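Structure first, then comments.
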Amino acid sequence: MEALLRRQFAGTPPGVAYCFKKEGGWPASVWQLDGAAELYFGFVSFPSVSDAPAWLSDGAGAADPAKALEALEAACDCAEPWGPNAEARDSWFWTPYSLCAGKWTLQRPSAALAGDAAHLLSPVGGFGMNVGVGDAASLGWRLAAILNGWLAPDAAFSGYEAERREAWARCNDYVVSERARLMSSGSRDAGGRGGAYETALLGACVDGRARVGLRLPSLPGALLEARGVTLVVVGDDLAAAVEPAFRAACDRIGIPCRACSVDGAEAAVAAAFGDHRLAICRPDAVVTHLSAASLPDGVADGGSSVAAEALLLSRRP
Ligand SMILES: Cc1cc2nc3c(=O)[nH]c(=O)nc-3n(C[C@H](O)[C@H](O)[C@H](O)COP(=O)(O)OP(=O)(O)OC[C@H]3O[C@@H](n4cnc5c(N)ncnc54)[C@H](O)[C@@H]3O)c2cc1C
């Protein structure tokens, strides 16, 4: 495999990844193997081929343990050398792609791209698989909605591409700027993590505020229905007023539902809802509706497909 990769990227290695086995717990990521041995995994990244050491750009010696360690330690700016217990396991070239497909869905026959087939990111930050899993979560409930007859395929797929493209773009913007920062500082410290990292992964809702189109922040008393829709209401009085129409609509559609009331005196609830008191979440916890007191139009008096679209498809302000 390594020989194949080296041929593919011959002369233009923008980066190389090494896999290590090492005792102890620092530094780098840990991958468990058989519950016993630990695999360590590291990247060495160069701005251009001329910045890479000659033995690497020549395509020779990338798997040499001593050279691999030397390069990784230099790139990690390690305060502590990795020492003799480290053993190089594997190495391969990769390209820090920043690509997104022009079109992700076909309506007839219904088909959708997800994961690396739809988008590619540089490994910096470890977003690639996460964004793919997010695609799968967003696609999963849409496919269930089609199979269960809640939504027509056109409606079920609407919004998928725009929503997931936006998620990829958030991560890509972070990766591009973080990679530039790492390149210019020459270090792999964790300075770019924290708020910006989490915001790239999850969107602005990491500040604790509920937003249409993003996951509902975790709230005390809010238990979401993963197979259907959830009504979250601040205060028992409003819950009593809107819950019957919500449940009746879900019965008409045939979709599992849950209603829960949360306490507005809780700080997390107050921060999440602000002036709003009512939220509806689809099966993957994304908020589709936020309001001061009312259900979306079409829920109380619409037919089942109108009500399903009103509950499951988000309409951003
Ligand atoms: C060096 C490196 C480090 C990374 N580190 C991280 C990380 O730390 N965190 C993170 O979240 N992501 C990371 N990623 C990204 C992550 O690996 C990918 O985003 C993820 O594996 C994509 O999953 P996928 O299922 O969409 O595609 P793939 O993993 O590419 O799976 C597609 C599968 O389809 C198979 N296939 C292709 N064509 C056919 C066919 N015609 N018929 C049948 N099967 C076929 C392929 O063999 C493959 O098994 C990293 C990527 C790289 C390169």
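Both counts, for ligands and for their atoms, begin at 1 and track the order of listing. Nothing here was measured: the structure is a model prediction, and the numbers come from that model.
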Ignoring hydrogens and angles, tell me if any N or O in the side chain of Ser138 forms a donor-acceptor pair with the backbone of Asp135 under 3.5 Å.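 It does not hold such a pair.
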Check ligand 1 against Gly115 and write out every atom of the ligand that is under 4.0 Å from a heavy-atom position of the residue.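 Counting atoms of ligand 1 from 1, those under 4.0 Å from Gly115 are 26 (O).
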I'd like to check which ligand 1 atoms, numbered from 1 as shown, lie under 4.0 Å from a non-hydrogen atom of Gly128.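 Matching atoms, with element in brackets: 10 (C), 11 (O), 12 (N), 15 (C), 19 (O).
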Closest heavy-atom pair and its distance - Cys250, Leu311: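 What the structure gives for the nearest pair is SG-CD1, 4.0 Å.
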N or O contact, Met129 vs ligand 1, cut-off under 3.5 Å: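 Checking ligand 1 against Met129, an N or O pair does fall under 3.5 Å apart.
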Give a yes or no on whether Asp275 atom CG has more than 12 heavy-atom contacts from other residues, nucleotides or ligands under 6.0 Å away.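 Atom CG in Asp275 is not packed in, count stays at 12 or less.
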Among side-chain atoms of Asn172 and His119, is any donor-acceptor pair under 3.5 angstrom?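 Their side chains do not contain a donor-acceptor pair, so the 3.5 Å distance test is not met.
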